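Input: a single structure, listed below in structure tokens.
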Amino acid sequence: MKDCKWYPLCPMKRFFTEGRLGKEWIEQYCKGDWESCKRYHMEEKGEPHPDWMLPNGTIDENLLNLNRRL
Ligand code: SF4
């Protein structure tokens, strides 16, 4: 199975490589079932969504706060 086409640009990749996001998200969605990722479909439709929205659509305030600090 191919990785999600958005992975190189996706903030989830950045959060993961920075150690701020668990690898289970990447395995489940980005390198697995990316068709069930909410971010993927919003990207496809050009719908705006925050960088700190997880693949299942949950808004993760922890990522938001860390995002602002950087
Ligand atoms: S979070 Fe979703 S859109 Fe981003 S790379 Fe993973 S599967 Fe693709």
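Whatever order the structure lists them in is the order used to number ligands and atoms, beginning at 1. These numbers were taken from a predicted model, which means no experiment stands behind them.
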Next item on the list: Please report the shortest heavy-atom distance between D51 and R14, naming the atom on each side.
Entry: OD2-NH2, 3.5 Å
Notebook entry, point to check: Under 30°, 30 to 60°, or over 60°: which ring-plane class applies to W6 and Y40, parallel, tilted or perpendicular?
Noted result: perpendicular
Next item on the list: Keeping waters out of it, list the protein N, O or S atoms under 2.8 Å from atom 8 (Fe) of ligand 1.
Entry: C4 SG
Next item on the list: Over all heavy atoms of both residues, which pair between Y7 and F16 is shortest? Give the atoms and the distance, please.
Entry: OH-CD2, 3.8 Å
Note to self: With a 4.0 Å cut-off on N to O distance, would you call E47 and K38 a salt bridge?
What the structure shows: no
Notebook entry, point to check: Closest approach of P50 and R39, non-hydrogen atoms and distance?
Noted result: O-NH1, 2.9 Å
Check: Can you tell if the side chain of L64 reaches within under 4.5 Å of the side chain of I59, non-hydrogen atoms only?
Finding: no
